Amino acid sequence: MANAALMPDEGPEIFEPTAGERAVIAKALARVAEHWRLTNEEAAALAGVTPRTWSRMKDGSFRGALNQDQMMRASLLVGLFKGLRLLFDGPLTYGWPKSANAGFAGKTPVEMMIGGGIPAMMRIRGHVDALRGGA
């Protein structure tokens with residue numbers, strides 16, 4: 001019989017949020033969308049879900065699973081939300097994501113994140129973290 005210590009590693013354990021944790025994630029994303037004044041289409045695109053699923057997330061009736069992509073998106077959006085609250089005091093706290101930005105070729109951060117997916121979301125989150133001296 002082989003020694004368990006010599007068996008190949010099966011890889012990292014995949015985090016599976018519970019129903020309660022999924023509800024908290026959906027509520028957090030709905031709060032971000034509300035504060036940033038996202039349209040349902042924008043919020044769905046950023047969360048990586050269909051508009052119908054977004055409606056369920058927003059109204060609290062979402063009972064589905066979240067894949068790794070959606071979990072990453074949620075983490076990035078909530079982290080960006082928190083970073084902006086730490087960085088700004090005033091209208092930019094919630095207005096920055098939908099404000100045209102010369103650093104993004106005149107596009108808004110929301111447009112950049114929707115068009116560029118997770119890599120763009122990571123760059124924008126890193127940008128905000130760097131502005132606040134956290135990166």
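Keep in mind that this is a model prediction, so the values were computed, not measured.
One finds the CE atom of Met113 at 9.0 Å from the CG atom of Leu76 (value rounded to the nearest 0.5 Å). Rounding to the nearest 0.5 Å places CZ of Arg125 at 5.5 Å from OG of Ser75.
Applying the salt bridge (charged side-chain N to carboxylate O under 4.0 Å, His left out) test to every pair with at least one member in residues 22-41, sequence neighbours left out, gives no pairs at all. Residue pairs meeting the salt bridge (charged side-chain N to carboxylate O under 4.0 Å, His left out) criterion with at least one partner in residues 80-103, sequence neighbours excluded, are Glu42-Lys98. Each salt bridge (charged side-chain N to carboxylate O under 4.0 Å, His left out) pair with one or both residues in residues 53-65, not counting sequence neighbours, would appear here, but there are none. Each ring-ring contact (aromatic ring centres under 6.0 Å, His included) pair with one or both residues in residues 97-122, not counting sequence neighbours, appears once here: Phe104-His127.
Contacts of Tyr94 classified as ring-ring contact (aromatic ring centres under 6.0 Å, His included), with partners at least two apart in sequence or in another chain: His35, Phe81. The side-chain contact (heavy atoms from CB on, under 4.5 Å) test applied to Ala45 returns Ile114, not counting sequence neighbours.
Ile124 places none of its side-chain heavy atoms less than 4.5 Å from the side chain of Met121. Between Leu87 and Trp96, every side-chain heavy-atom pair lies at or beyond the 4.5 Å cut-off. By the 4.5 Å heavy-atom criterion applied to side chains, Leu92 and Leu84 are not counted as neighbours. Side-chain atoms of Asn101 and Thr108, non-hydrogen and from C-beta on, never get closer than 4.5 Å to each other. For the pair Asn40/Pro51, no side-chain contact is recorded, criterion being any heavy-atom separation below 4.5 Å from C-beta on.
Across every non-hydrogen atom of Gly83 and Val128, the tightest pair is C-CG1, 3.9 Å. Closest of all the heavy-atom pairs between Met57 and Leu29 is CE-CD1, 3.8 Å. When all heavy atoms are compared, the tightest approach of Leu38 to Val110 is CD2-CG2, 3.7 Å. Shortest non-hydrogen contact noted between Ala33 and Ala43 is CB-CB, 3.9 Å. Heavy atoms only, all atoms of each residue included: Gly106 and Ala100 are closest at O-CB, 3.3 Å.
Phe88 and Leu86 fall into different hydrophobic clusters, defined by Ile, Leu, Val, Met, Phe, Trp and Tyr side-chain heavy atoms under 4.5 Å apart, directly or through other members. Put simply, Met71 and Trp54 are part of the same group of oily side chains (I, L, V, M, F, W, Y) that touch within less than 4.5 Å, one to the next. The hydrophobic clustering, which links ILVMFWY residues whose side-chain heavy atoms are closer than 4.5 Å, places Val24 and Leu80 apart.
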Step-by-step side chain to side chain contact (heavy atoms under 4.5 Å, CB included) determination, Ile25 to Gln70 = CA-CA 10 Å; Ile25 292 165; Gln70 293 160 336; over 6 Å; no
